[in-house]
Peer 1: 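There's a structure below that I have some questions on.
Counting convention: from 1, in listed order, for ligands and their atoms alike.
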Amino acid sequence: MGVDRSFAGRRVVVTGAASGIGLATARALAEQGARLALLDLDGDRLSHVAASLNGDGHLALPVDVAKVTAIGTAFRRIGDAFDGIDVLVNNAGINPPAESSTAIDETFYDRVMDVNVKGLFFCAQAAIAPMTANGGGTIVNLASVSGMIGWGGTSVYSASKGAVIALTKFLAVELAPHGIRVNAVCPGSIRTPMVEQVIGRLPDPARAWQETAALHPLGRAGTAEEVADAILYLASAQSSFVTGTCLVIDGGLTAK
Ligand code: NAI
């Protein structure tokens with residue numbers, strides 16, 4: 001008998017679900033019958049996304065994941081509506097531009113760390129009790145190749161994604177006895193609104209896209225759907241013996 005790849009009836013939380021990789025992941029999960037709680041800073045876009053997804057009973061919760069009390073409120077609402085959580089996709093993240101490390105001030109530093117690390121940690125923490133009560137679950141964190149090599153944004157973004165890789169490994173070990181698997185994906189350049197904005201600010205965006213593509217041995221940037229496929233694999237029973245890993249999805253960038 002094959003492994004059940006379906007998410008039918010699974011209760012899934014996706015943060016940063018209104019755009020890019022989070023949106024592609026939410027769409028793919030909804031196609032497979034998941035019941036979704038979608039969290040995002042952008043409440044308007046999130047409502048449109050929730051209404052456009054396959055199936056019904058999805059929750060759209062406008063939340064700033066950098067605010068720990070807001071995470072608590074959101075997860076209580078999810079608990080009331082879903083009576084448990086099977087999967088958490090910890091995807092919300094930011095990569096604001098800075099000319100160099102000397103141009104980064106405390107506000108910039110705190111915001112990147114608060115969204116990318118603190119928000120991710122406290123969403124994972126909030127999912128532990130409802131997953132444990134169900135006998136287990138899976139958490140997939142969005143890291144980046146920027147957490148592995150000195151490339152792709154700012155030093156602070158890179159540090160935040162390095163922290164995500166470390167948190168993934170520690171939580172995988174800590175939560176294994178509870179039946180909770182914790183993994184990360186490490187994408188290279190993925191053509192989403194985040195990267196469109198970064199490249200769009202450069203003097204010659206068309207040339208910058210060519211240069212970005214050339215950095216990846218497969219000769220192009222990736223798509224949000226390609227990352228979503230990897231997230232679904234790590235969230236599903238297909239990866240039942242995989243925990244504490246960081247799945248690199250970078251068209252060969254870090255293999256060079
Ligand atoms: P995106 O900018 O298209 O989407 C991010 C979503 O997160 C947006 O809807 C935004 O409103 C939401 N968000 C931002 N701050 C938030 C907050 N404080 N609370 C709640 N929601 C918030 O970005 P993209 O490219 O889809 O990125 C998703 C994740 O993938 C991020 O963690 C990013 O660091 C990571 N990643 C992206 C790569 C890329 O090349 N696009 C490469 C490697 C990692």
Side-chain angles (χ1 to χ4, degrees), residues 13-28 37-50 60-71 73-75 88-97 110-124 126 140-149 151-154 156-165 167-168 184-201 208-209 212-213 215-216 220-228 230-231 246-251 253-254:
V13 180
V14 181
T15 70
S19 172
I21 294 167
L23 173 57
T25 304
R27 282 201 180 121
L38 310 170
L39 276 56
D40 204 286
L41 199 55
D42 188 335
D44 289 343
R45 211 146 33 113
L46 197 60
S47 308
H48 289 299
V49 167
L61 302 171
V63 173
D64 180 350
V65 298
K67 306 264 189 299
V68 179
T69 49
I71 292 172
T73 307
F75 276 77
L88 166 65
V89 182
N90 243 333
N91 165 78
I94 55 170
N95 186 11
D110 285 347
R111 185 66 187 163
V112 172
M113 288 296 183
D114 282 356
V115 176
N116 295 1
V117 184
K118 188 169 89 174
L120 178 139
F121 172 78
F122 282 101
C123 285
V140 184
N141 294 325
L142 266 288
S144 168
V145 294
S146 304
M148 305 163 64
I149 59 172
W151 177 80
T154 62
V156 178
Y157 178 76
S158 199
S160 76
K161 294 303 183 179
V164 171
I165 294 170
L167 273 173
T168 299
V185 289
C186 285
S189 273
I190 309 298
R191 198 152 187 164
T192 65
M194 175 189 276
V195 175
E196 299 273 3
Q197 277 161 26
V198 170
I199 290 191
R201 275 188 285 260
W209 274 116
T212 301
L215 282 173
H216 299 71
R220 62 177 176 85
T223 67
E225 288 71 24
E226 288 172 317
V227 181
I231 293 170
C246 190
L247 180 51
V248 176
I249 307 152
D250 70 351
L253 172 73
T254 51

Peer 1: Nearest protein heavy-atom contact for atom 30 (O) of ligand 1: which residue, which atom, what distance?
Peer 2: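 Answer, as residue, atom name and distance: Leu142 CD1, 3.4 Å.
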
Peer 1: Can you tell me the protein heavy atom closest to atom 19 (N) of ligand 1 and the distance?
Peer 2: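 The answer is Val65 N, 3.0 Å.
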
Peer 1: Would you say Ser158's side chain and Ser146's backbone share a donor-acceptor pair under 3.5 angstrom?
Peer 2: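 Yes; judged by distance alone, with no hydrogens or angles, the pair exists.
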
Peer 1: Could you list which atoms of ligand 1 come closer than 4.0 Å to a heavy atom of Ser189?
Peer 2: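 Contacts of ligand 1 toward Ser189, numbered from 1: 40 (O).
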
Peer 1: Do Trp209 and Arg220 have side-chain heavy atoms sitting under 4.5 Å apart?
Peer 2: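 No, their side chains stay 4.5 Å or more apart.
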
Peer 1: Got an N/O contact under 3.5 Å between Ser144 and ligand 1?
Peer 2: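 No, Ser144 has no N/O under 3.5 Å of an N/O on ligand 1.
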
Peer 1: Could you see which bit of Ala143 sits under 4.0 Å from ligand 1, with heavy atoms only: side chain, backbone, both or neither?
Peer 2: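 The backbone, only.
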
Peer 1: Which atoms of ligand 1 have any heavy atom of Val195 under 4.0 Å away?
Peer 2: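 Those qualifying, in numeric order: 39 (C), 40 (O), 41 (N).
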
Peer 1: Looking at every non-hydrogen atom in both residues, tell me the closest pair between Ala126 and Ile71 and how far apart they are.
Peer 2: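 Closest approach of Ala126 to Ile71: CB-CG2, 4.2 Å.
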
Peer 1: Out of Ile94, Leu39, Val227, whose heavy atom sits nearest atom 15 (N) of ligand 1?
Peer 2: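 Comparing heavy atoms across Ile94, Leu39, Val227, the nearest one to atom 15 (N) of ligand 1 lies in Ile94.
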
Peer 1: Find all atoms of ligand 1 within a distance of less than 4.0 Å from any non-hydrogen atom belonging to Gly20, and give their numbers and elements.
Peer 2: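 Close to Gly20: 3 (O), 26 (O).
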
Peer 1: Determine, step by step, whether Asn141 and Leu120 satisfy the side-chain contact (heavy atoms from CB on, under 4.5 Å) criterion, reporting the C-alpha distance in whole Å, the side-chain angles of both residues, the deciding distance to 0.1 Å, and the verdict.
Peer 2: CA-CA 8 Å; Asn141 294 325; Leu120 178 139; 3.8 Å; yes

Peer 1: I need the contact type for Arg111 against ligand 1. Using non-hydrogen atoms and a strict under-4.0 Å cut-off, is it side chain, backbone, both or neither?
Peer 2: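 Contact part for Arg111 vs ligand 1: side chain (C-beta onward).
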
Peer 1: Tell me which protein heavy atom sits closest to atom 23 (O) of ligand 1, plus the residue, atom name and distance to 0.1 Å.
Peer 2: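 Ranking protein heavy atoms by distance from atom 23 (O) of ligand 1, first comes Met194 CB, 3.3 Å.
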
Peer 1: What is the closest protein heavy atom to atom 11 (O) of ligand 1, and at what distance does it sit?
Peer 2: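 Among all protein heavy atoms, the one nearest atom 11 (O) of ligand 1 is Asp40 OD1, 2.6 Å.
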
Peer 1: What's the shortest heavy-atom distance between Asp64 and Ala70, and which atoms?
Peer 2: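 Here Asp64 and Ala70 meet closest at O-CB, 4.0 Å.
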
Peer 1: Hey, which atoms in ligand 1 end up nearer than 4.0 Å to a heavy atom of Asp64?
Peer 2: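 Per the distance check, 17 (C), 18 (N), 19 (N).
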
Peer 1: Go through it in stages, so that I can follow the logic: the residues are Val13 and Phe75, the test is side-chain contact (heavy atoms from CB on, under 4.5 Å), and I'd like the CA-CA distance, side-chain angles, deciding distance and then a yes or no.
Peer 2: CA-CA 9 Å; Val13 180; Phe75 276 77; 4.1 Å; yes

Peer 1: Number the atoms of ligand 1 from 1 as they appear, then name those within less than 4.0 Å of a heavy atom of Gly93, with their elements.
Peer 2: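 Close to Gly93: 14 (C), 31 (C), 32 (O).
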
Peer 1: Looking only at non-hydrogen atoms, which of Ala74, Gly188, Gly147 approaches atom 38 (C) of ligand 1 most closely?
Peer 2: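 Checking each option, the heavy atom nearest atom 38 (C) of ligand 1 is found in Gly188.
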
Peer 1: Carefully, step by step, assess Ile190 and Val195 under the rule side-chain contact (heavy atoms from CB on, under 4.5 Å).
Peer 2: CA-CA 7 Å; Ile190 309 298; Val195 175; 5.6 Å; no

Peer 1: Please list the nearest protein heavy atom to atom 7 (O) of ligand 1 with its residue and the distance rounded to 0.1 Å.
Peer 2: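 Sorting protein heavy atoms by distance from atom 7 (O) of ligand 1 puts Gly16 CA, 3.4 Å first.
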
Peer 1: Would you check the N or O atoms of Pro187, main chain and side chain alike, for any that come under 3.5 Å of an N or O of ligand 1?
Peer 2: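 So ligand 1 has no N or O lying under 3.5 Å from an N or O of Pro187.
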
Peer 1: Measuring from non-hydrogen atoms of Lys161 to any atom of ligand 1, is the shortest distance under 4.0 Å?
Peer 2: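 Yes; Lys161 lies near enough to ligand 1 that a heavy-atom distance drops under 4.0 Å.
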
Peer 1: Which atoms form the tightest heavy-atom contact between Asn95 and Gly153, and what is the distance?
Peer 2: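 Nearest pair, atom of Asn95 first, then Gly153: OD1-CA, 3.7 Å.
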
Peer 1: Could you measure the distance from the CG atom of Leu88 to the CG atom of Asn90? Nearest 0.5 Å is fine.
Peer 2: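 One gets 4.0 Å once the value is rounded to the nearest 0.5 Å.
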
Peer 1: Donor-acceptor pair, Thr15 side chain versus Asn91 backbone, under 3.5 Å?
Peer 2: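 Between the backbone of Asn91 and the side chain of Thr15 there is a qualifying donor-acceptor contact (under 3.5 Å).
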
Peer 1: Going by an N to O cut-off under 4.0 Å, is there a salt bridge joining Lys118 and Asp110?
Peer 2: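 Looking at Lys118 and Asp110, the cut-off is not met.
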
Peer 1: Quick check: are there more than 12 heavy atoms from other residues, nucleotides or ligands sitting under 6.0 Å from CG of Asp44?
Peer 2: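 No, the 6.0 Å shell around CG holds no more than 12 heavy atoms from other groups.
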
Peer 1: Met113 and Ala159: which non-hydrogen atoms are nearest, and at how many Å?
Peer 2: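 Smallest interatomic distance, heavy atoms only, reads CE-CB, 3.8 Å.
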
Peer 1: Tell me, which protein residue and heavy-atom name are nearest atom 3 (O) of ligand 1, and how many Å apart are they?
Peer 2: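 Going by distance alone, atom 3 (O) of ligand 1 is nearest to Ser19 OG, 2.6 Å.
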
Peer 1: Please give me the minimum heavy-atom distance between Gly16 and Ala92, naming the atom from each residue.
Peer 2: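 Where Gly16 meets Ala92 most closely, the heavy atoms are N-CB, 3.7 Å.
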
Peer 1: How far is atom 31 (C) of ligand 1 from its nearest protein heavy atom, and which residue and atom name does that atom have?
Peer 2: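 Nearest protein contact, heavy atoms only, for atom 31 (C) of ligand 1 is Asn91 O, 3.2 Å.
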
Peer 1: What protein heavy atom is closest to atom 25 (O) of ligand 1, reported as residue, atom name and distance in Å?
Peer 2: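 Scanning the protein heavy atoms, the shortest distance from atom 25 (O) of ligand 1 goes to Thr192 OG1, 2.5 Å.
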
Peer 1: Only heavy atoms of Tyr157, strictly under 4.0 Å: list the atoms of ligand 1 that pass.
Peer 2: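 Near Tyr157, meaning under 4.0 Å from one of its heavy atoms, ligand 1 has 33 (C), 34 (O), 35 (C), 36 (N), 43 (C), 44 (C).
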
Peer 1: Provide the number and element of each atom of ligand 1 under 4.0 Å from a heavy atom of Val63.
Peer 2: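 Answer for ligand 1: 19 (N), 20 (C).
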
Peer 1: Is any N or O atom of Gly22, backbone or side chain, closer than 3.5 Å to an N or O atom of ligand 1?
Peer 2: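 Looking only at distances, the answer is no, because the N/O contact criterion of under 3.5 Å is not met.
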
Peer 1: Would you say Asp40's side chain and Ala18's backbone share a donor-acceptor pair under 3.5 angstrom?
Peer 2: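 Yes.
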
Peer 1: Does ligand 1 have a heavy atom under 4.0 Å from the side chain of Val115, from its backbone, from both, or from neither?
Peer 2: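 Val115 to ligand 1: side-chain contact only, backbone stays beyond 4.0 Å.
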
Peer 1: May I ask you to check whether Ala17 has an N/O atom sitting below 3.5 Å from an N/O atom of ligand 1?
Peer 2: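 In this structure, Ala17 places no N or O atom under 3.5 Å from an N or O of ligand 1.
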
Peer 1: Which of the numbered atoms in ligand 1 are below 4.0 angstrom from a heavy atom of Ile21?
Peer 2: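 Close to Ile21: 26 (O), 30 (O), 37 (C).
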
